[in-house]
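Comments concern the structure below.
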Amino acid sequence: MSKTSVKLTMAEIRKQIDLIDEGLIKLLAERQRWVEKAITVKRRDGRPARDDARVRQLIDHVRVLARAHNVDPALVETMWTEMVEWFIAYEERKM
């Protein structure tokens, strides 16, 4: 255990986690705005919401990123799969 973590209080740790959570929410909002742009293009071009090849490519990519950043790839795959499926359903509702 590092000396820094020994000096931290749970309140300080929770504050930092809350700040990270806020940043993640902001990034999700930004991602949703880009998905909305994709909906416009897909409607215009007559493309479906679901692109299985793109989903596989995305999941493979985030697993690589997870390993590069020392995060459990299974966790990342689970989270991204859920998020991507939610956004596909969102696109389908909007289209």
Side-chain angles (χ1 to χ4, degrees):
M1 189 177 299
S2 73
K3 290 181 182 181
T4 304
S5 62
V6 172
K7 294 178 184 179
L8 287 172
T9 66
M10 281 308 300
E12 292 167 328
I13 292 169
R14 287 178 178 150
K15 182 178 180 179
Q16 290 304 309
I17 290 172
D18 289 347
L19 288 171
I20 292 166
D21 289 346
E22 182 178 356
L24 290 170
I25 297 299
K26 288 177 181 178
L27 288 171
L28 278 172
E30 183 178 356
R31 191 183 200 285
Q32 184 171 335
R33 300 296 84 78
W34 281 101
V35 167
E36 289 163 356
K37 292 176 192 321
I39 291 168
T40 300
V41 170
K42 288 178 179 183
R43 266 195 214 128
R44 182 194 69 204
D45 296 348
R47 298 174 68 158
R50 179 176 294 282
D51 179 344
D52 288 331
R54 170 64 179 147
V55 171
R56 284 189 303 274
Q57 177 190 43
L58 177 61
I59 298 302
D60 289 346
H61 178 68
V62 296
R63 286 184 63 86
V64 168
L65 289 173
R67 285 189 291 275
H69 292 281
N70 202 26
V71 178
D72 186 335
L75 168 64
V76 170
E77 180 174 351
T78 298
M79 292 175 67
W80 254 257
T81 298
E82 184 70 25
M83 179 179 64
V84 167
E85 290 301 324
W86 188 94
F87 277 116
I88 290 170
Y90 178 76
E91 287 182 31
E92 289 170 343
R93 287 191 308 274
K94 296 290 186 175
M95 293 172 75

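Hydrogens, waters and symmetry mates are skipped; everything else that's a heavy atom, side chains included, is used. A quick note: this is a predicted structure, and the numbers were derived from the prediction, not measured.
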Arg14, CZ atom: more than 12 neighbouring heavy atoms under 6.0 Å = no
N/O donor-acceptor pairs under 3.5 Å from side chains in residues 64-71, not counting sequence neighbours:
none

For residues 73-84, which side-chain donor-acceptor pairs fall under 3.5 Å, sequence neighbours excluded?
| unit_1 | atom_1 | unit_2 | atom_2 | d |
| --- | --- | --- | --- | --- |
| Glu77 | OE1 | Arg63 | NH1 | 2.6 |
| Thr78 | OG1 | Ala74 | O | 2.9 |
| Thr81 | OG1 | Glu77 | O | 2.7 |

Would you give the length of the straight line joining atom CZ of Arg44 to atom CD1 of Ile39, rounded to the nearest 0.5 angstrom?
-> 14.0 Å
Audit row: Ile13, Gln16, side chain to side chain contact (heavy atoms under 4.5 Å, CB included) steps and yes/no = CA-CA 5 Å; Ile13 292 169; Gln16 290 304 309; 5.9 Å; no
Test side-chain hydrogen bond (donor to acceptor under 3.5 Å, both in side chains) applied to Arg54 - qualifying residues, sequence neighbours left out = Gln57
Residue list, side chain to side chain contact (heavy atoms under 4.5 Å, CB included) with Ala53, at least two apart or on another chain = Asp51, Arg56
Drop me the distance from Thr9's OG1 to Lys15's NZ, to the nearest 0.5 angstrom.
-> 10.0 Å
Among pairs that include at least one residue of residues 84-95, which meet side chain to side chain donor-acceptor pair (under 3.5 Å), considering only residues two or more places apart or in two chains?
-> Gln32-Tyr90, Glu36-Tyr90, Lys42-Glu91, Arg50-Glu85
Taking side-chain hydrogen bond (donor to acceptor under 3.5 Å, both in side chains) as the test, write out the residues that go with Glu30, two or more places apart.
-> none
With sequence neighbours excluded, tell me which residues meet salt bridge (charged side-chain N to carboxylate O under 4.0 Å, His left out) with Lys37.
-> none
The salt bridge (charged side-chain N to carboxylate O under 4.0 Å, His left out) partners of Glu12 (sequence neighbours excluded) come to none
Shared ILVMFWY cluster between Ile17 and Leu19, side chains joined below 4.5 angstrom?
-> no
Taking atom CD1 of Ile88 and atom CE of Met95, what is their separation to the nearest 0.5 Å?
-> 11.0 Å
Other hydrophobic cluster members with Leu24, side-chain heavy atoms of Ile/Leu/Val/Met/Phe/Trp/Tyr under 4.5 Å, chained?
-> Ile20
